[in-house]
Amino acid sequence: MTVSIVPIADSTPEQVDALVEAAAAAAGPWAALALADRARLLDTVADRLDAQAVELIRLAMHETRLPEPRLRAELRRTSFQLRLFARCVLDGGFLDARLDGADAEWPMGAPRPDLRRMNVPLGPVLNFAASNFPFAFSVAGGDTASAWAAGCPVIVKANPGHPALARAVGNLIDEVSVECGAPPGIFGLIHGREAGVRALTHPAVAAVTFTGSTAGGRALYDLACARPVPIPFYGELGSINPVFVTAEAARSRAGEIAAGLLTAVSSSAGQLCTKPGLVAVPETSTVAAELSALRPMPTGELLNDQIAAGFTAAVEQVRAHPEVRVLSAPPGAAVLLTTTARAVLADRDALMREMFGPATLLVTYRDTDELLTLARSLHGELTVSIFGERADDTTRALLAAATHAAGRVLWNSWPTGVSVTYAQQHGGPYPATTAPTTTSVGTAAMARFLRPVAFQSMPEDLLPPALRTDNPLGVPRSVNGERAQ
């Protein structure tokens with residue numbers, strides 16, 4: 001089958017305004033729709049993605065240079081997370097319904113009124129699709145799925161790296177929306193940089209998600225904050241995902257650690273937001289020698305020319321530092337650079353730099369004090385990994401530094417591969433993200449698009465169903481501080 005790509009024009013201002021206004025009109029009906037009907041749309045989109053997998057994967061291969069196995073796994077992840085959010089919708093726990101009955105004897109010294117609190121949707125969400133995950137962080141990806149699950153319409157700004165795939169998935173969603181009887185306007189797709197900016201500044205947009213570069217994300221974040229009414233901007237920007245190897249681990253598992261590092265850096269051509277970009281090992285360890293002895297792993301092509309150019313520039317900037325030398329850089333394989341902890345601490349901004357692609361910086365440290373100083377110098381990260389042998393003072397100190405700096409802390413494991421589950425945290429302090437209290441992966445991602453409202457002394461027939469005494473929806477609730485169904 002030959003895939004023909006037809007150029008897609010940027011959305012006009014009129015088209016952008018029409019889609020945002022349609023989303024605003026759909027916000028109330030979509031939020032009020034029965035939870036079972038909301039879940040059905042999520043499930044049906046997942047089913048349709050699976051049914052059209054062959055055509056969609058061929059299109060993605062043509063636009064992104066990603067291999068079929070990687071894309072097939074990513075599409076499977078995408079349909080899985082849609083179904084997982086559908087289950088969360090049916091459960092109703094995301095509403096966080098709380099009922100406190102009137103209490104004339106409340107110990108505050110004044111009677112407590114009847115108070116009932118629950119989460120409600122924010123409103124239309126604008127999702128800037130990512131380049132490196134054309135399914136899982138794109139049109140029908142996790143940001144869209146979690147916003148829909150929370151009850152918010154979504155406008156997706158397609159990524160220029162895969163516009164035809166975005167249109168194909170968008171058409172699929174439009175068809176499913178009609179079939180499921182969803183309110184018109186719960187989904188819209190726009191193309192072009194100016195279209196994205198116009199949508200972001202439209203007064204009807206209530207929140208924004210973004211996955212991409214620090215520079216691009218920060219520019220959009222500033223626009224969101226500068227609006228007459230600022231809105232939440234959930235941006236995933238950049239992370240080097242440091243790895244700290246203790247002396248004991250380096251002595252006992254140098255070969256294993258070297259092999260794992262090479263795999264983590266090479267997989268998906270290093271185009272993962274959780275790729276380890278800095279690895280600290282003792283200067284007396286054999287990890288560097290083990291890396292040099294390993295057969296290079298082919299990394300495959302980078303997604304597009306723009307990402308390739310950015311990767312080359314970032315590597316050259318780090319490589320040109322006088323304290324950096326090349327450990328290994330064979331054609332078509334990962335670039336392995338090395339320096340010392342002293343050099344990193346003396347010139348942090350130059351050497352703690354994200355190289356988005358198959359490259360990492362091996363940093364040697366002299367002693368435990370230098371290792372801990374390096375760990376405590378971290379800024380915001382998505383992940384920090386610790387390779388150790390035992391729970392001693394060093395590992396506890398590393399854990400404390402990692403917890404301060406990152407949203408996910410790993411023990412003896414590599415950060416690539418972000419499981420979609422209930423307890424996942426994919427976020428971290430700035431510059432990893434602009435909203436460190438949230439996650440973009442896992443069911444907790446729904447919380448980004450909800451806000452609590454309390455109803456005081458409200459008649460039963462005016463209360464939302466989730467807050468009525470008889471609990472007609474059967475959702476889990478807190479009643480006078482105790483969990484109840």
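In Gln456, the CD atom is crowded: over 12 heavy atoms of neighbouring residues, nucleotides or ligands sit closer than 6.0 Å. Residue-environment remark: CZ (Arg227) exceeds the threshold of 12 foreign heavy atoms within 6.0 Å. Applying the 6.0 Å contact sphere to CZ of Phe311 captures more than 12 heavy atoms from other residues, nucleotides or ligands.
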Determine, step by step, whether Arg448 and Ser146 satisfy the side-chain hydrogen bond (donor to acceptor under 3.5 Å, both in side chains) criterion, reporting the C-alpha distance in whole Å, the side-chain angles of both residues, the deciding distance to 0.1 Å, and the verdict.
CA-CA 9 Å; Arg448 296 174 296 172; Ser146 55; 3.0 Å; yes
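At distances below 3.5 Å, at least one donor-acceptor pair connects side-chain atoms of Thr144 with backbone N or O atoms of Val139. Trp148 places a side-chain N or O within donor-acceptor distance of the main-chain N or O of Ile186, the cut-off being under 3.5 Å. Between the side chain of Arg451 and the backbone N or O of Val120 there is no donor-acceptor pair closer than 3.5 Å. Looking at Asp96, its side chain never comes within 3.5 Å of a backbone N or O of Asn119 through a donor-acceptor pair. In this structure, the side chain of Gln424 does not engage the main chain of Thr421 through any donor-acceptor pair within 3.5 Å. Judged purely by atom type and a 3.5 angstrom limit, Glu381 uses its side chain to pair as donor or acceptor with the backbone of Ile240. Checking side-chain atoms of Asn412 against main-chain N and O of Gly388 turns up a donor-acceptor pair under 3.5 Å. Without hydrogens or angle criteria, Lys275 side chain to Phe356 main chain gives no donor-acceptor distance under 3.5 Å. Checking side-chain atoms of Thr433 against main-chain N and O of Gly428 turns up a donor-acceptor pair under 3.5 Å. In this structure a side-chain-to-backbone donor-acceptor pair under 3.5 Å is present from Arg38 to Ala31.
A donor and an acceptor atom, one from each side chain of Thr469 and Glu460, are located under 3.5 Å apart. Side chains of Asn127 and Thr209: a donor-acceptor N/O pair is present below 3.5 angstrom, by distance only. A donor and an acceptor atom, one from each side chain of Asn241 and Thr274, are nowhere located under 3.5 Å apart.
Taking 4.0 Å as the cut-off between side-chain N and carboxylate O, Asp91 and Arg87 do not count as a salt-bridged pair. A salt bridge does not link Asp47 with Arg40: none of the charged nitrogens is closer than 4.0 Å to a carboxylate oxygen. Between Arg117 and Asp100, none of the side-chain N atoms (NZ, or NE/NH1/NH2) sits under 4.0 Å from a carboxylate O, so this pair counts as no salt bridge. Taking a cutoff of 4.0 Å between a charged side-chain nitrogen and a carboxylate oxygen, Asp10 and Arg198 do not qualify as a salt bridge.
A pairwise comparison of heavy atoms in Ala308 and Leu302 identifies CA-CD1, 3.4 Å as the closest pair. Considering all non-hydrogen atoms of both residues, Tyr422 and Leu84 come closest at OH-CD1, 3.3 Å. The two residues Cys180 and Leu41 make their nearest non-hydrogen contact at SG-CA, 4.0 Å. Minimum interatomic distance between Leu19 and Ile155 (heavy atoms only, all atoms of both residues): O-CG1, 4.4 Å.
Between Trp414 and Phe387, the ring-plane angle classifies as tilted under the 30° and 60° cut-offs.
The side-chain heavy atoms of Val335 and Pro358, taken from C-beta on, include no pair separated by under 4.5 Å. The shortest side-chain heavy-atom distance between Leu378 and Phe244 falls under the 4.5 Å cut-off.
Put simply, the residue from Arg70, Arg72, Arg77 that forms a side chain to side chain donor-acceptor pair (under 3.5 Å) with Glu74 is Arg70.
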